[in-house]
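One structure is given below, encoded as structure tokens.
Please read all numbers here as calculations on a predicted model, not as lab measurements. When a residue number appears, it is its place in the shown sequence, counting from 1. Heavy atoms only: backbone and side chains are in, while hydrogens, waters and symmetry mates are out.
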Amino acid sequence: MGVDELALNSKRIERRRRATSQGTDWWSEFVGILWLVLGVLAFHSLIAKPFYIPSESMLPTLRVGDQLIVTKYPYGYSFVTPTFHLLPPIPGRLLGALPARGDIVIVTPPQQSTDYIKRVIGLPGDTIAVRDGVVWINGKPVPRVALGERLIPIDGNTRCDPDPERGGSVFYQGRRVTHGGKAYCSLTLFRETLPGGASYDVADLGDSPGDHYGPVTVPKDHVFLMGDNRDNSADSRFSLEQNGLGGPVPWENIGGRAEFITFSRDGSSTWNPLTWFSGFRGDRTGISLHPSREGK
């Protein structure tokens with residue numbers, strides 16, 4: 001080893017010693033973490049984010065405890081697009097596109113900051129009415145086929161509680177049944193097919209105020225939204241004072257489209273790690289939330 005190489009190695013060793021003696025560069029660490037957080041927020045705001053189902057308004061399609069992916073870009077961007085709703089109401093959308101009938105979307109009701117999840121039923125220019133629980137679009141009843149009763153397992157998240165004082169619904173009265181020693185919620189289902197072919201299952205549990213509505217015409221740049229659990233959903237049929245959506249919703253209040261379920265919990269998990277895996281509903285992972293298309 002020559003003199004020049006020895007001198008070069010000595011300088012390298014000295015630089016390392018000085019870096020070690022100076023300790024951690026906390027500013028660099030902070031900047032690195034900040035960029036990471038900003039990257040995650042940008043992805044959540046512009047590309048996709050997870051969404052947790054908190055209510056039974058979309059049964060049988062979605063259950064409380066489902067975790068799903070919502071994409072932000074299919075309809076363009078608006079003031080509700082950012083993960084945190086910090087922007088004031090701004091009309092219109094950037095790179096905007098209307099949802100399709102049958103899409104499941106997240107929506108922020110006017111003058112609120114809480115996200116709901118509902119299904120698109122009506123588009124601009126449509127006349128929407130509900131008669132005896134049947135949806136009418138432009139003067140024609142939406143075809144639906146009776147599917148009979150479906151048993152949804154009752155667990156810590158899906159409660160099927162008939163007591164409104166406990167957050168339940170009177171329309172679950174008599175719906176809790178036992179089969180094979182297990183508790184279930186018995187739902188009366190129909191297969192509904194919208195104009196354009198979007199087809200999906202809805203629950204109809206009896207006569208309710210939402211079974212008689214309209215007609216109303218959906219204004220320009222608005223959509224009409226309903227929950228699949230027709231007698232237990234606060235949606236476009238109900239006023240803001242009733243915790244509904246207050247009629248057709250401006251399209252800029254749509255935050256994204258639901259794509260698929262990533263995983264689902266039954267509500268039995270505790271702080272005990274042994275319960276973390278037993279509390280998963282394994283049969284729900286990967287379920288697509290796009291409606292089937294009749295004739296395609």
Interatomic spacing from [atom1] in [X] to [atom2] in [Y] - rounded to 0.5 Å:
{"X": "H212", "Y": "R131", "atom1": "NE2", "atom2": "CZ", "answer": "12.0 Å"}
{"X": "T158", "Y": "D266", "atom1": "OG1", "atom2": "CG", "answer": "8.5 Å"}
{"X": "I104", "Y": "M58", "atom1": "CD1", "atom2": "CE", "answer": "4.0 Å"}
{"X": "F280", "Y": "F263", "atom1": "CZ", "atom2": "CZ", "answer": "5.5 Å"}
{"X": "D161", "Y": "Q173", "atom1": "CG", "atom2": "CD", "answer": "9.5 Å"}
{"X": "K118", "Y": "L62", "atom1": "NZ", "atom2": "CG", "answer": "10.5 Å"}

Original post:
Can you list the steps and then say if R150 with D201 is a salt bridge (Lys or Arg N to Asp or Glu O under 4.0 Å)?
Top reply: CA-CA 11 Å; R150 181 181 300 176; D201 296 346; 2.8 Å; yes
Sub-4.5 Å side-chain heavy-atom contact between [X] and [Y]:
{"X": "P250", "Y": "P91", "result": "no"}
{"X": "L240", "Y": "P109", "result": "yes"}
{"X": "D211", "Y": "D204", "result": "yes"}
{"X": "W136", "Y": "T127", "result": "no"}
{"X": "D155", "Y": "S268", "result": "no"}
{"X": "P50", "Y": "T262", "result": "no"}
{"X": "K49", "Y": "I106", "result": "yes"}
{"X": "I53", "Y": "R63", "result": "no"}

Can any side-chain N or O of [X] pair as donor or acceptor with the backbone N or O of [Y] at less than 3.5 Å?
{"X": "K182", "Y": "P153", "result": "no"}
{"X": "R257", "Y": "Y75", "result": "no"}
{"X": "D66", "Y": "S264", "result": "no"}
{"X": "R176", "Y": "R159", "result": "yes"}
{"X": "S169", "Y": "F171", "result": "yes"}
{"X": "N157", "Y": "R265", "result": "yes"}
{"X": "D228", "Y": "T61", "result": "no"}
{"X": "R175", "Y": "L205", "result": "yes"}

Do the side chains of [X] and [Y] join up, straight or via other hydrophobic residues, at under 4.5 Å, putting them in one cluster?
{"X": "V202", "Y": "L147", "value": "no"}
{"X": "I128", "Y": "W251", "value": "no"}
{"X": "M226", "Y": "F190", "value": "yes"}
{"X": "I254", "Y": "L289", "value": "no"}
{"X": "V216", "Y": "V130", "value": "yes"}

I need the minimum non-hydrogen distance between [X] and [Y], along with the two atoms involved.
{"X": "R293", "Y": "A198", "value": "NH1-CB, 3.3 Å"}
{"X": "I154", "Y": "C185", "value": "CG1-N, 3.6 Å"}
{"X": "S186", "Y": "E149", "value": "OG-OE1, 2.8 Å"}
{"X": "I117", "Y": "A258", "value": "CD1-CB, 4.2 Å"}
{"X": "P209", "Y": "F238", "value": "CB-CE2, 4.5 Å"}
{"X": "V105", "Y": "P99", "value": "CG1-CB, 4.5 Å"}

**OP:** For a side chain to side chain contact (heavy atoms under 4.5 Å, CB included) with S236, tell me which candidate from V218, V107, V120, V249 qualifies.
**Re:** V249
Subject >> From CA spacing to verdict: side-chain contact (heavy atoms from CB on, under 4.5 Å), T108, Y116 >> reply: CA-CA 6 Å; T108 306; Y116 289 20; over 6 Å; no
Original post:
Taking the six-membered ring of Y213, is the NZ or CZ of R237 close enough (under 6.0 Å from the centre) and on axis enough (within 45°)?
Top reply: no
Scan side-chain atoms only and decide if [X] and [Y] contain a donor-acceptor pair under the 3.5 Å cut-off.
{"X": "D126", "Y": "N138", "result": "yes"}
{"X": "S292", "Y": "R191", "result": "yes"}
{"X": "S269", "Y": "T275", "result": "no"}
{"X": "T270", "Y": "N272", "result": "no"}
{"X": "S57", "Y": "N232", "result": "no"}

**OP:** Might you work through the side-chain contact (heavy atoms from CB on, under 4.5 Å) test for L245 and F224, ending with a clear yes or no?
**Re:** CA-CA 9 Å; L245 297 176; F224 193 92; over 6 Å; no
Original post:
Should E192 and R119 count as an ion pair when the cut-off is N to O under 4.0 Å?
Top reply: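 No, this pair does not count.
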